[in-house]
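By convention in this document, chain letters (A, B, ...) are assigned in the order of the sequence lines, proteins followed by strands, and residues within each chain are numbered from 1.
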Amino acid sequence: MAANNIPPSGFEKDQIFGMAEKELEYRVDLFNKMTQTCFNKCVDNRYKESELNMGENSCIDRCVSKYWHVTNLIGQLLGTGRPPM
Amino acid sequence: MDKSMLAGLESLPEADQQRMAAMMEQVQIRDSLRMYNSLVEKCFTDCVDTFKHKSLQKQEETCVKRCAEKFLKHSMRVGMRYAELNQGAPTQD
C-alpha cells in the first residue's frame, strides 16, 4: 500500500482496516446473495429428498458461473464512472 | 469464507495480523447467525402452510429436515465453484 517506506499513521491504518472490513463484508454479502439466488432458481422447493440431484447440481454450477460473469460485467460498467446505459 | 483470505496476511506485523483475524472472526460469527435465521425462514416458508395444530406434523418435520440438508449441501457446492472461479480455474461450459 505505502509507496514509500514510511509506516502508515494510526489514522491511515484505521482507514486501511476499515477498507479491508468493507471488502470482506462485500465478499460475504456476494456469496450469500449468490447462494440464495441460485438455490431459488435451481432447487425444487418440494424437497422430495435431502440429496441434490444431477440436474440441480449442473444448474448450480452454471448459475454460480453466470452470477460471477454478471458480477464482473456490472463491475466493469460501474468502474468506468459513467452511468450504465 | 475461505482460507485463501488468510494468505497474504503473514507479511503483516503481529498486532495487525491479530486485528485482521479478530475482524474476520466477527464477520464470520455475524454471517453464521444470519445464515441460521435465513435458513429457518426459507424452510418454514416452503414447508409450513397449515395452522390447525401448534406442533409440527410429521410431513412438515421431514420437509424441514430435507430443506435444511439440501441447502447446506447446496451452499457447500456454491462455495467450491466460487473458489474455483476466484482462482481463475478454467471449467467446462
Side-chain heavy atoms under 4.5 angstrom apart, residues restricted to Ile, Leu, Val, Met, Phe, Trp, Tyr: same cluster for Met34(A) and Tyr26(A)? yes
Heavy-atom proximity to chain B below 4.5 Å, by part of Asp29(A): neither
CZ-CE distance between Phe17(A) and Met23(B), expressed to the nearest 0.5 angstrom: 7.0 Å
Single-linkage hydrophobic cluster, 4.5 Å side-chain cutoff, Met19(A) and Leu24(A) together: no
Can you find a pair of side-chain heavy atoms, one from Gln28(B) and one from Val28(A), that are under 4.5 Å apart? no
Measuring from atom CG of Leu52(A) to atom CD of Glu69(B), what distance do you get when rounded to the nearest 0.5 angstrom? 10.5 Å
All heavy atoms of Ser65(A) vs all of Leu85(B), minimum pair found to be CA-CD1, 3.9 Å
Does Arg46(A), at its CZ atom, have more than 12 non-hydrogen atoms belonging to other residues, nucleotides or ligands within less than 6.0 Å? no
Evaluate the side-chain contact (heavy atoms from CB on, under 4.5 Å) criterion for residues Ile60(A) and Arg81(B): first the C-alpha distance (whole Å), next the side-chain angles of each, then the deciding distance (0.1 Å), finally the verdict. CA-CA 9 Å; Ile60(A) 292 165; Arg81(B) 298 291 170 245; 5.6 Å; no
Regarding Asn40(A) and Lys42(B), is there a side-chain donor-to-acceptor distance under 3.5 Å anywhere? yes
Between atom CZ of Phe31(A) and atom CE of Met35(B), what is the distance when rounded to the nearest 0.5 Å? 8.5 Å
Identify which part of Val43(A) has an atom lying under 4.5 Å from any heavy atom of chain B, answering side chain, backbone, both or neither. side chain
What I'd like to find out is whether the side chain of Ser50(A) reaches to under 4.5 Å of the side chain of Lys73(B), using heavy atoms alone. yes
Quick one: what part of Cys43(B) sits under 4.5 Å from any heavy atom of chain A, side chain, backbone, both or neither? neither
Among Arg34(B), Gln26(B), Lys65(B), Arg30(B), single out the residue with the greatest number of heavy-atom pairs under 4.5 Å to chain A. Arg34(B)
Under 6.0 Å from the CD atom of Gln15(A), do we count more than 12 heavy atoms belonging to anything else shown? yes
State, to 0.1 Å, how close Tyr82(B) and Leu30(A) come at their nearest heavy-atom pair, and which atoms those are. OH-CD2, 3.6 Å
Does the side chain of Val64(A) come within less than 4.5 Å of Met80(B)'s, by heavy atoms? no
Residue that, paired with Lys70(B), satisfies salt bridge (charged side-chain N to carboxylate O under 4.0 Å, His left out) out of Glu49(A), Glu51(A), Glu56(A): Glu56(A)
Given that the side chain runs from C-beta out, which part of Met20(B) has a heavy atom under 4.5 Å from chain A: side chain, backbone, both or neither? both
Linking I/L/V/M/F/W/Y whenever their side-chain heavy atoms sit closer than 4.5 Å, directly or via other members, would Val70(A) and Leu78(A) fall into one cluster? yes
Got a sec, which pairs hit ring-ring contact (aromatic ring centres under 6.0 Å, His included) with one end in residues 32-63 of chain A, sequence neighbours left out? Phe39(A)-Phe71(B), Phe39(A)-His74(B)
Scanning both residues in full, the closest heavy-atom pair of Ser38(B) with Gln36(A) reads OG-NE2, 3.5 Å
